[in-house]
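Here is the structure we will look at.
If you're wondering where the values come from, they're calculated on a predicted model, not measured in any experiment. When reading the values below, keep in mind they use all heavy atoms of this one structure, side chains included, and skip hydrogens, waters and symmetry mates.
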Amino acid sequence: LPLSLRREADARISPAHELISRHAPVKKMFLIGGPGSGKSTLVQYSARRSATWALDSTVPIVMRAPLLVEPGAPASLKDWAALTVKGVVSRLGRTASQAIFGQDQSDDSDLLLFIDGVDEIRQQDRRRLRQLIRAFEIEFPECRLVITSRPNGWDASLWSDFDKYSIEPLELSASVDYLRSNTPASIGQTLVSMINRSEHLRELARIPFTLTLMTAYEGLREDQRLN
């Protein structure tokens, strides 16, 4: 699905893939979206995409905010990142981790760090998380950062040095195309007709999560049609 992001500073809207990439102009992004808007899916997609770019040395690392501040968690984001790389890179994980985070690492601009779910942690833990990120930024000043949260996770006193973006609702035309491409023809046409008749369904169709749920629609049962 073609997600777009709105920058709060100037209301400029850009495709998400242009803002989360190796050569993107945004170095530090705080990304806000409501429930089901596609934050976590965008993080996972962007991480996979940047890891497979041809001739690209980008190292994407995805972390969940609640895990970073739980009791017994590693003392630094560097330790967390190293463990993450060891865990997800088959066989070569330990070597890759040492190469990236060892004393001889050459270019930290290759690092793309995603931290997902800031709204899921308590206020005092958000301050702790911000301290961890600041320490990481000091050691890896060229690393790019993408942090995601629902709107209630934004705190200007903690994140004022980040560019604030929000996920825009899907264009209705994109939602209709998605339904037609991911459902049988008769079901897709039925869904589109229902959406055209209902403002509420049009709103739901512009939310990625509820749009994907719509693709599971199989039509009304006989008793529902009679009623």
Would you mind listing every salt bridge (Lys or Arg N to Asp or Glu O under 4.0 Å) that reaches into residues 3-14, with sequence neighbours excluded?
->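 As it turns out, the salt bridge (Lys or Arg N to Asp or Glu O under 4.0 Å) pairs with a partner in residues 3-14, which skip direct neighbours, are Arg6-Glu168, Arg7-Asp10, Arg7-Asp163, Glu8-Lys164.
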Kindly state each residue pair satisfying salt bridge (Lys or Arg N to Asp or Glu O under 4.0 Å) with at least one member in residues 193-212, sequence neighbours excluded.
-> none
Answer yes or no: is there a side-chain heavy-atom contact under 4.5 Å between [X] and [Y]?
X      : Y      : result
Asp155 : Arg126 : no
Asp116 : Phe114 : no
Leu5   : Ser14  : no
Tyr178 : Thr215 : yes
Trp80  : Leu67  : yes
Phe209 : Pro35  : no
Leu158 : Arg127 : yes
Ile133 : Ile147 : yes

Once rounded to the nearest 0.5 Å, what's the spacing between atom [atom1] of [X] and atom [atom2] of [Y]?
X      : Y      : atom1 : atom2 : value
Lys78  : Glu139 : NZ    : CD    : 4.0 Å
Met63  : Leu132 : CE    : CG    : 10.0 Å
Leu112 : Cys143 : CG    : SG    : 7.0 Å
Leu19  : Ile13  : CG    : CD1   : 11.5 Å
Ile167 : Leu31  : CD1   : CG    : 4.5 Å
Leu204 : Ser198 : CG    : OG    : 7.5 Å

ring-ring contact (aromatic ring centres under 6.0 Å, His included) partners for Tyr165, two or more places apart | none
By ring-ring contact (aromatic ring centres under 6.0 Å, His included) - contacts of Phe162 (at least two apart) =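 Here the qualifying residues are Trp159.
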Who are the side-chain hydrogen bond (donor to acceptor under 3.5 Å, both in side chains) partners of Asp79, not counting sequence neighbours?
-> Ser76
Residues that Asp125 engages under side-chain hydrogen bond (donor to acceptor under 3.5 Å, both in side chains), provided they are two or more places apart |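 For Asp125 the side-chain hydrogen bond (donor to acceptor under 3.5 Å, both in side chains) partners, ignoring immediate neighbours, are Arg122.
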Give me the one residue out of Thr148, Leu77, Val43 that meets side chain to side chain contact (heavy atoms under 4.5 Å, CB included) with Ile115.
->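 Per the side chain to side chain contact (heavy atoms under 4.5 Å, CB included) rule, the option paired with Ile115 is Leu77, out of Thr148, Leu77, Val43.
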Residues Glu120 and Arg150 bridged, charged N to O under 4.0 Å =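 Judged by the 4.0 Å cut-off on N to carboxylate O distance, Glu120 and Arg150 do not form a salt bridge.
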[X] with [Y], same ILVMFWY side-chain cluster at under 4.5 Å:
X      : Y      : result
Leu179 : Leu213 : no
Leu170 : Met194 : yes
Tyr45  : Val146 : no
Leu172 : Met214 : yes

Give the minimum heavy-atom separation between [X] and [Y], together with the two atoms involved.
X      : Y      : answer
Ile207 : Gly36  : CG2-O, 3.3 Å
Gly38  : Pro208 : N-CG, 4.5 Å
Gly117 : Pro66  : O-CD, 4.0 Å

Mark yes or no for whether Thr190, through its side chain, and Ser186, through its backbone, hold a donor-acceptor pair below 3.5 Å.
-> yes
Check for a donor-acceptor pair, side chain of Lys39 on one end and backbone N or O of Gly33 on the other, with a separation under 3.5 Å.
->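 Checked: pair present.
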Only residue of Arg130, Arg134, Lys27 satisfying salt bridge (Lys or Arg N to Asp or Glu O under 4.0 Å) with Asp161 is Arg130
